[in-house]
Each structure stands twice: as C-alpha cells, then as structure tokens.
Amino acid sequence: MGAMFCLISLATSSARAQEPAPPAAPPPPPNQQQPPAEHADTSASSSSKHSRATHANDFLIIGTVFTDRALAFPGVRLRVRRSTERKFRWETYTNSRGEFAIRVPQGAEYEMVISAKGFIDQSKTISAKSGISENSVVFTMQPAAGVKK
C-alpha cells in the first residue's frame with residue numbers, strides 16, 4: 001500500500017514538471033517608446049572624476065623589426081623618449097610578426113631605441129612636428145660581435 005502511494009505521488013509530481021512554461025510577455029509595438037532605463041547616464045558627473053583620453057592629437061609610430069636574415073623578429077624591446085630628455089617615457093615590445101605601434105604626443109622630436117639580446121642596439125630619430133599623424137619605420141637588427149648565429 002505504501003509503495004502504491006509513492007508511485008502515485010511520484011507520477012503527479014512528474015506530470016507537473018512536464019507542464020509547459022507560461023507564455024512570455026508580448027513585445028511592445030514598434031511605435032511605442034521604450035520605458036526609461038533605471039540608471040540614468042552619469043557621464044557628466046564621471047567626467048569630472050576621470051579625464052577621458054582622446055587620441056585626436058597623438059602621433060602614431062608604427063613599424064616592423066627584422067633579423068639580419070630578413071625574418072620577423074618578435075619580442076624586441078622598443079623604448080621612446082623626447083630628444084631633449086634622458087628618461088624613456090614609452091616602452092613596448094614587438095608582436096609575433098615583429099610589428100609594433102606606439103602613440104606619442106605630436107609636436108616634438110623623439111628618439112626610439114630598440115634592443116634585443118645578442119644584437120646591436122639601434123636608434124632612430126622621429127619627428128612628430130610635421131602635422132602628419134603617423135610615421136612608419138623599419139629596423140633590421142645586426143648581430144653583436146662575437147655572438148654565434
């Protein structure tokens with residue numbers, strides 16, 4: 001008798017679990033306005049706290065670094081500083097295809113120094129005064145003296 005009661009209660013609970021879900025609310029008509037969002041746009045208050053970076057006046061230095069065998073050179077360190085300064089302010093590394101890109105402010109002369117283990121450091125002066133927004137450079141690294149290939 002107890003087993004029969006368990007089977008009946010089990011059958012009714014599984015029947016309830018198989019009932020279809022109630023239909024979702026219909027979408028609003030296309031000419032009806034959407035209700036306002038709960039969180040209003042706080043860009044005015046947040047702009048006073050955080051300055052938003054704009055790249056409109058930046059100068060883009062892009063380029064590629066190759067080995068002495070004309071192969072792409074990944075992992076090369078690039079450092080950039082203003083020609084009038086001693087401290088390097090920007091640094092990046094080449095990607096897996098030997099490519100890089102660095103943004104610097106326009107209106108100055110920059111010195112770019114690239115270095116890799118087992119190769120001679122190279123430097124190049126880049127002018128960001130011309131009004132053009134980018135400059136493309138190519139480096140070919142030469143092995144250091146006394147280093148096996």
Side-chain angles (χ1 to χ4, degrees), residues 10-149:
L10 184 64
T12 57
S13 66
S14 67
R16 280 189 222 135
Q18 293 179 0
E19 290 179 7
N31 59 359
Q32 185 180 358
Q33 289 184 351
Q34 296 291 332
E38 290 182 24
H39 301 289
D41 184 21
T42 59
S43 62
S45 63
S46 66
S47 65
S48 62
K49 295 177 185 175
H50 304 290
S51 63
R52 296 195 179 208
T54 174
H55 298 291
N57 295 323
D58 285 353
F59 185 79
L60 181 63
I61 304 169
I62 57 175
T64 309
V65 179
F66 296 100
T67 65
D68 58 326
R69 298 180 189 170
L71 299 173
F73 202 161
V76 176
R77 182 181 183 194
L78 295 105
R79 296 181 300 161
V80 180
R81 66 180 171 198
R82 289 184 179 95
S83 296
T84 58
E85 298 177 354
R86 296 185 65 166
K87 180 181 177 184
F88 287 97
R89 295 190 175 259
W90 299 274
E91 180 179 31
T92 190
Y93 292 84
T94 57
N95 65 9
S96 62
R97 298 187 303 185
E99 299 170 339
F100 65 90
I102 299 178
R103 287 187 189 275
V104 294
Q106 282 188 355
E109 295 274 329
Y110 294 97
E111 180 184 6
M112 175 180 278
V113 177
I114 64 170
S115 58
K117 186 175 181 178
F119 289 84
I120 300 170
D121 291 358
Q122 293 187 20
S123 66
K124 195 173 274 193
T125 303
I126 297 168
S127 175
K129 293 180 178 180
S130 64
I132 299 172
S133 62
E134 70 178 52
N135 188 8
S136 181
V137 293
V138 176
F139 291 96
T140 303
M141 300 296 287
Q142 300 299 321
V147 176
K148 292 182 182 179
K149 288 189 178 183

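- Shown here for Ala101 and Leu60, the closest heavy-atom pair between the two residues is CB-CD1, 4.1 Å.
- Contact annotation: the side chain of Met141 approaches that of Ile114 to within less than 4.5 Å [non-hydrogen atoms, C-beta and beyond].
- Expressed to the nearest 0.5 Å, how far OG1 of Thr92 lies from CD1 of Ile61 amounts to 11.0 Å.
- Ala72 meets the side-chain contact (heavy atoms from CB on, under 4.5 Å) test with no other residue; sequence neighbours excluded.
- Here the closest heavy-atom approach between residue Asp121 and residue Ser115 is recorded as OD1-CB, 3.0 Å.
- Nearest heavy-atom pair, Gly75 versus Thr94, reported as atom, atom and distance to 0.1 Å: N-OG1, 2.9 Å.
- Across all their heavy atoms, Pro105 and Asp58 have their closest contact at CA-OD1, 4.4 Å.
- Partners of Phe73 by ring pair (Phe, Tyr, Trp, His ring centres under 6.0 Å), not counting sequence neighbours, listed by chain and number: Phe119.
- Under the rule for a side-chain contact (heavy atoms from CB on, under 4.5 Å), the partners of Ala128 that lie at least two apart in sequence or sit in another chain are Phe59, Tyr110.
- Met112 and Leu78 get closest at one heavy-atom pair: SD-CD2, 3.8 Å.
- Pairs of residues two or more places apart, or lying in two chains, never qualify as side-chain hydrogen bond (donor to acceptor under 3.5 Å, both in side chains) while including a residue from residues 132-146.
- Contacts classified as salt bridge (charged side-chain N to carboxylate O under 4.0 Å, His left out) and involving residues 89-102 (residues at least two apart or in different chains) are given here: Arg77-Glu91, Glu85-Arg89, Arg97-Glu99.
- Residues forming a side-chain contact (heavy atoms from CB on, under 4.5 Å) with Thr125 (at least two apart in sequence, or on another chain): Ser83, Glu109.
- For the residue pair Val76 and Ala116, the shortest heavy atom distance occurs at CG2-CB, 4.2 Å.
- Evaluation of the side-chain contact (heavy atoms from CB on, under 4.5 Å) rule for Arg81 yields Phe88, Glu111 as partners, not counting sequence neighbours.
- Applying the ring pair (Phe, Tyr, Trp, His ring centres under 6.0 Å) test to pairs two or more places apart or on separate chains, none has a residue in residues 124-144.
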